[in-house]
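What follows is a short report on a single structure.
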Amino acid sequence: MKKFLSLCMAAVMVFALVACGGNTTNNGTSGNSSNGGSTDDAGSTAATFKIGVIGPQTGDAAIYGTHVAWASQIAVDEINALGGDIQFELMVEDDVNDAETSVNAYNALMDDEMQLLVGTVTTTPALSVVPLTYEDRVFTLTPSASGDDVIENNDNVFQICFTDSNQGTRSAQYIDENFENPQIGIIYKNDDQYSQGIRDNFVAEAETRGLSIVYEGTFNNSSSTDFNVQLTAAQAAGADLLFLPIYYTPASVILTQANAMGYAPTFFGVDGMDGILTAEGFDASLAEGVYLLTPFAADAEDEATQSFVSAFQEAHGEIPNQFGADAYDAVYVLYEAIQAAGVTADMSTEEICDALIDVMPTLSVVGLTSAGSAMTWDENGAVSKDPTAVIIENGTYVTP
């Protein structure tokens, strides 16, 4: 079994980490390999694996997809800089967090001879794309589509993120262990599988633990800009902790409107709320004291995290979020799996897929999002790693 950072990160970090260099493609990422392969400084020629990324580069969820694309490119550039027989070319398609558009993006990547897919970024588009990858036998490693159904009955699909069921269960466990007799309110999006799935598992675990849920409110796409009704009801029910298994855009509205009405419960979110500090038009000071369940904190002091964050900031002027860190890990997991399987870029997509499926359950990979321990995978594609909670203090994530 292979070790990720312990074996290759020390060598990787001596190289300059540049995500914007080279020839710029239409999607804004850099390309440093061609269809015919690439040549390292020693003059040896290595065939190039074509990796596709599907995720929102524009629209309300763009902060997820852009960070995935940017972080993936950083990892690709690092690996290509190592030379050797494994080289990557990254191809990015925008799906604006829409299922139909995501299918079109997948077809475009297949037309461009994609061999491996990092994606999709979000769950609902993934549920439309993964049946196609299964049929076409394209090995798929999603950084952040956390729905349990994403991997169910799809032997070619593996996750870097923990599942919705894990998030919901672990959130309830954390709240039970760290808050005294909380009166819990829940606001979730009932037309979104991500939100609904986390809510369902949270409620099941909360009931098992005897936690008090005093209010539940829902919203959908057409009602995601006004939460005064839900907040008023939660406050009237005595909810002093609001669990928000939702994305950061509606969460920023909830925090803004709760502040305006003088309602100040503890807010507890999940990985989809990562990005709230940079949400457009949002007063980030309102996020002070918000809890998030996330596998990545950019202020962690380990060398690998700080090297990644530095490279990301240098290239894009932003702090990477958890989605970016998951994507960075995903590219390195592909690198490890390709080495373990012994596949080459001139093999068929199906041959590559079958070989990687076989080796994934044998890997043990320490990544940015595994809190210093190793990620492993079961035969169903689920990753084994525990989410951890952070609290927002002074505009940064802090481990409580």
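FYI, the numbering just counts along the sequence from 1.
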Got a second to check how far [X]'s [atom1] is from [Y]'s [atom2], nearest 0.5 Å?
{"X": "Gln73", "Y": "Glu89", "atom1": "CD", "atom2": "CD", "value": "9.5 Å"}
{"X": "Asp329", "Y": "Glu336", "atom1": "CG", "atom2": "CD", "value": "11.0 Å"}
{"X": "Thr163", "Y": "Ile198", "atom1": "OG1", "atom2": "CD1", "value": "9.0 Å"}

Pairwise salt bridge (Lys or Arg N to Asp or Glu O under 4.0 Å) hits with a residue in residues 114-137, at least two apart =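 Every salt bridge (Lys or Arg N to Asp or Glu O under 4.0 Å) pair that includes a residue of residues 114-137, provided the two are not neighbours, is Arg137-Asp155, Arg137-Asp354.
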Kindly assign one of parallel, tilted or perpendicular to the pair [X] and [Y], based on the angle between their ring planes and the thresholds 30° and 60°.
{"X": "Tyr332", "Y": "Tyr328", "result": "tilted"}
{"X": "Phe268", "Y": "Tyr174", "result": "tilted"}
{"X": "Phe202", "Y": "Phe243", "result": "parallel"}

Working for side-chain hydrogen bond (donor to acceptor under 3.5 Å, both in side chains), residues Gln196 and Asp192 | CA-CA 6 Å; Gln196 181 79 57; Asp192 178 66; over 6 Å; no
If only atom types and distance count, is the side chain of [X] paired as donor or acceptor with the main-chain N or O of [Y] below 3.5 Å?
{"X": "Asn321", "Y": "Phe323", "result": "yes"}
{"X": "Ser307", "Y": "Ala304", "result": "no"}
{"X": "Thr208", "Y": "Ala204", "result": "yes"}

When you compare the side chains of [X] and [Y], does any donor N or O come within less than 3.5 Å of an acceptor on the partner?
{"X": "Thr133", "Y": "Asn156", "answer": "yes"}
{"X": "Asn201", "Y": "Glu205", "answer": "no"}
{"X": "Glu351", "Y": "Ser348", "answer": "yes"}
{"X": "Asp226", "Y": "Asn228", "answer": "yes"}
{"X": "Ser373", "Y": "Lys385", "answer": "no"}
{"X": "Gln322", "Y": "Asp326", "answer": "yes"}
{"X": "Ser212", "Y": "Gln183", "answer": "yes"}

Smallest separation among heavy atoms of [X] and [Y], with atom names:
{"X": "Ala341", "Y": "Leu356", "answer": "CB-CD2, 3.8 Å"}
{"X": "Ala355", "Y": "Val343", "answer": "CB-CG1, 3.4 Å"}
{"X": "Ala233", "Y": "Tyr215", "answer": "CB-CE1, 3.4 Å"}
{"X": "Thr140", "Y": "Gly119", "answer": "CG2-O, 3.2 Å"}
{"X": "Ala374", "Y": "Val366", "answer": "CA-CG2, 3.9 Å"}
{"X": "Gly52", "Y": "Met114", "answer": "CA-SD, 3.5 Å"}

Under 4.5 Å side-chain linkage, directly or through intermediates, the cluster mates of Val130 |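 Besides Val130, the cluster holds Leu127, Val150, Ile151, Val157.
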For the residue pair [X] and [Y], establish whether any side-chain heavy-atom pair is separated by less than 4.5 Å.
{"X": "Val253", "Y": "Ser224", "answer": "no"}
{"X": "Val121", "Y": "Ile54", "answer": "no"}
{"X": "Ile187", "Y": "Phe219", "answer": "yes"}
{"X": "Phe162", "Y": "Gln167", "answer": "yes"}
{"X": "Ile160", "Y": "Val333", "answer": "yes"}
{"X": "Phe296", "Y": "Thr305", "answer": "yes"}
{"X": "Thr232", "Y": "Gln230", "answer": "no"}
{"X": "Leu255", "Y": "Leu244", "answer": "yes"}

Start with the C-alpha gap between Asn220 and Ser223, add the side-chain angles, then the distance that decides, and say whether side-chain hydrogen bond (donor to acceptor under 3.5 Å, both in side chains) holds.
-> CA-CA 5 Å; Asn220 53 39; Ser223 60; 3.1 Å; yes
Test side-chain hydrogen bond (donor to acceptor under 3.5 Å, both in side chains) applied to Asp240 - qualifying residues, sequence neighbours left out |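 Applying side-chain hydrogen bond (donor to acceptor under 3.5 Å, both in side chains) to Asp240 gives none.
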Same apolar cluster: Met261 and Phe227, side chain cutoff 4.5 Å |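 Yes, one cluster joins them.
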Are Val96 and Val129 in one and the same hydrophobic cluster, where Ile, Leu, Val, Met, Phe, Trp and Tyr link if side-chain heavy atoms are under 4.5 Å apart?
->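 As far as the 4.5 Å side-chain criterion goes, Val129 and Val96 are not connected within one cluster.
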Name all pairs fulfilling the ring-ring contact (aromatic ring centres under 6.0 Å, His included) condition that reach into residues 344-369, sequence neighbours left out, sorted by first residue then second.
->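 Sorted result for residues 344-369: empty, none.
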Summary of ring-ring contact (aromatic ring centres under 6.0 Å, His included) pairs that have at least one residue in residues 105-141, sequence neighbours excluded =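 Qualifying pairs, neighbours excluded: Phe139-Phe158.
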Just do the side chain to side chain contact (heavy atoms under 4.5 Å, CB included) check on Arg170 and Leu293 with the steps written out, would you?
-> CA-CA 8 Å; Arg170 286 287 291 141; Leu293 208 68; 4.0 Å; yes
What residues form a salt bridge (Lys or Arg N to Asp or Glu O under 4.0 Å) with [X], not counting sequence neighbours?
{"X": "Asp283", "value": "none"}
{"X": "Asp60", "value": "none"}
{"X": "Asp271", "value": "none"}
{"X": "Asp94", "value": "none"}

Evaluate side chain to side chain contact (heavy atoms under 4.5 Å, CB included) for Glu93 paired with Met91, printing each intermediate quantity in order.
-> CA-CA 7 Å; Glu93 289 288 336; Met91 306 182 296; over 6 Å; no
Side chain to side chain donor-acceptor pair (under 3.5 Å) contacts touching residues 141-153 (sequence neighbours left out) =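 As it turns out, the side chain to side chain donor-acceptor pair (under 3.5 Å) pairs with a partner in residues 141-153, which skip direct neighbours, are Ser146-Asp164, Asp148-Ser165, Asp149-Gln193.
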How would you list all residue pairs meeting side chain to side chain donor-acceptor pair (under 3.5 Å) that involve residues 257-267, not counting sequence neighbours?
->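 Every pair satisfying side chain to side chain donor-acceptor pair (under 3.5 Å) with a residue in residues 257-267: there are none.
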Identify all side-chain donor-acceptor contacts of residues 392-400 below 3.5 Å with residues at least two apart in sequence or on another chain.
{"unit_1": "Thr396", "atom_1": "OG1", "unit_2": "Glu393", "atom_2": "O", "d": "3.0"}
{"unit_1": "Tyr397", "atom_1": "OH", "unit_2": "Asp274", "atom_2": "OD1", "d": "2.7"}

Using a cut-off of 6.0 Å, state whether more than 12 heavy atoms not belonging to Glu100 lie near its atom CD.
->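 Not buried by this count: 12 neighbours or fewer within 6.0 Å.
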Would you find more than 12 non-hydrogen atoms of other residues, nucleotides or ligands less than 6.0 Å from Glu379 atom CD?
->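 For Glu379, atom CD is not crowded (no more than 12 foreign heavy atoms under 6.0 Å).
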With ring centroids as reference points, do Tyr194 and Tyr247 lie under 6.0 angstrom apart?
->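 Under 6.0 Å, so yes.
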Do Tyr291 and Phe267 have ring centroids that are under 6.0 Å from one another?
->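 Phe267 vs Tyr291: aromatic centres not under 6.0 Å.
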Yes or no on side-chain hydrogen bond (donor to acceptor under 3.5 Å, both in side chains) for Thr101 and Asp98, after CA distance, side-chain angles and deciding distance?
-> CA-CA 5 Å; Thr101 306; Asp98 174 75; 2.8 Å; yes
